[in-house]
Amino acid sequence: MVELENHFFSPLERQQFLEKLHNALSQDPRILGAVLVGSAAVGFADRFSDIDIYGVVADGVDAKSVFEDWIAKIRSLRPVIRNFSSQPSPDVWLAGFLFEDYLELDISFQTAKRLNARKEKWQVLFDRSGELEDRMKASWENREVSSITERYTFLLNDIWY
């Protein structure tokens, strides 16, 4: 029997892939910046944590076409077992990738006007505008406080995959 442990990504491999992805995103002039969210933004909670990134598309650029281009690009960066894509709201496209070593990447591409902090912790990876940190802070500080039912529903929907 093959040991599964030998097939899982290591924290170092996850970090190396994040750096590779960061470098590739920063080379695309259509992308204004990138924000690392989720457990990665706080130092990877455990060895099985995934990578969650917001790709912020520059004004006047079609976010959907950037999203479609990047689905193909990500597939060329690392072997993919499965992936999904959705459009959770206007001007926001989301893709999830499960790579052959079980590393998961969730990446969204969205317009700057749709950028908001869904959680308190994040890390700006790069920012051509110099405004992303302020946008994230303001959106978190000015968020509507949800009822317990709305919060519970949000959390259930957020972890479905």
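Because the structure is predicted, anything quoted here is derived from the model rather than measured.
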Distance col, row Lys119:NZ vs Arg143:CZ, nearest 0.5 angstrom, shows 13.0 Å

Applying side chain to side chain donor-acceptor pair (under 3.5 Å) to Glu13 and not counting sequence neighbours gives Ser10

Can you tell me if Trp140 and Asn116 form a side-chain donor-acceptor pair at under 3.5 Å? no

Fill in: side-chain contact (heavy atoms from CB on, under 4.5 Å) evaluation trace for Asp50 with Asp106
CA-CA 8 Å; Asp50 66 348; Asp106 299 315; 2.9 Å; yes

List the atom pairs, donor and acceptor, that lie under 3.5 Å between side-chain atoms in residues 82-100 and the rest of the protein, sequence neighbours left out.
{"from": "Asn83", "atom 1": "OD1", "to": "Arg75", "atom 2": "NH2", "distance (Å)": "2.7"}
{"from": "Ser89", "atom 1": "OG", "to": "Arg114", "atom 2": "NH2", "distance (Å)": "3.3"}

- Mind running side-chain contact (heavy atoms from CB on, under 4.5 Å) on Ile107 and Tyr54 for me, showing each step along the way? CA-CA 6 Å; Ile107 187 166; Tyr54 294 166; over 6 Å; no

### Query
Can you check whether Leu103's main-chain N or O pairs, donor with acceptor, with Arg14's side chain at less than 3.5 Å?
no

Indicate yes or no for a side-chain donor-acceptor contact from Asp127 to the backbone of Glu131 under 3.5 Å, with no hydrogens or angles considered.
yes

Output for pair (Asp101 CG, Arg78 CZ), nearest 0.5 Å, gives 4.0 Å

Check residues 57-64 and write down every donor-acceptor pair under 3.5 Å in which the side-chain atom is one partner and the other belongs to a residue at least two apart or another chain.
{"from": "Asp62", "atom 1": "OD2", "to": "Ser65", "atom 2": "N", "distance (Å)": "3.3"}
{"from": "Asp62", "atom 1": "OD2", "to": "Ser65", "atom 2": "OG", "distance (Å)": "3.4"}

Does the pair Gln16 and Lys20 meet the rule for a side-chain contact (heavy atoms from CB on, under 4.5 Å), with working shown? CA-CA 6 Å; Gln16 290 170 336; Lys20 184 177 186 176; over 6 Å; no

*What do the steps show when you test Trp70 against Arg30 for side-chain contact (heavy atoms from CB on, under 4.5 Å), and what is the final call?*
CA-CA 11 Å; Trp70 273 91; Arg30 303 170 300 172; 4.0 Å; yes

CG (Leu125) and CD (Gln123) are apart, to the nearest 0.5 Å, by 5.5 Å

Note to self: Test of understanding: clusters of I, L, V, M, F, W, Y form through side-chain heavy atoms closer than 4.5 Å, transitively. Do Leu18 and Val42 belong to the same one?
What the structure shows: no

Is the ring centre of Phe8 less than 6.0 Å from the ring centre of Phe48?
-> yes

From the list Ile31, Asn23, Leu32, Val56, side chain to side chain contact (heavy atoms under 4.5 Å, CB included) with Phe126 holds only for Ile31

Distance col, row Glu104:CD vs Ser49:OG, nearest 0.5 angstrom, shows 10.5 Å

What I'd like to find out is whether the side chain of Trp122 reaches to under 4.5 Å of the side chain of Leu36, using heavy atoms alone. no

Ser139 and Met136 have their tightest heavy-atom pair at OG-O, 3.0 Å

Closest heavy-atom pair, Ala34 versus Leu132, reported as atoms and distance to 0.1 Å, is N-CD1, 4.2 Å

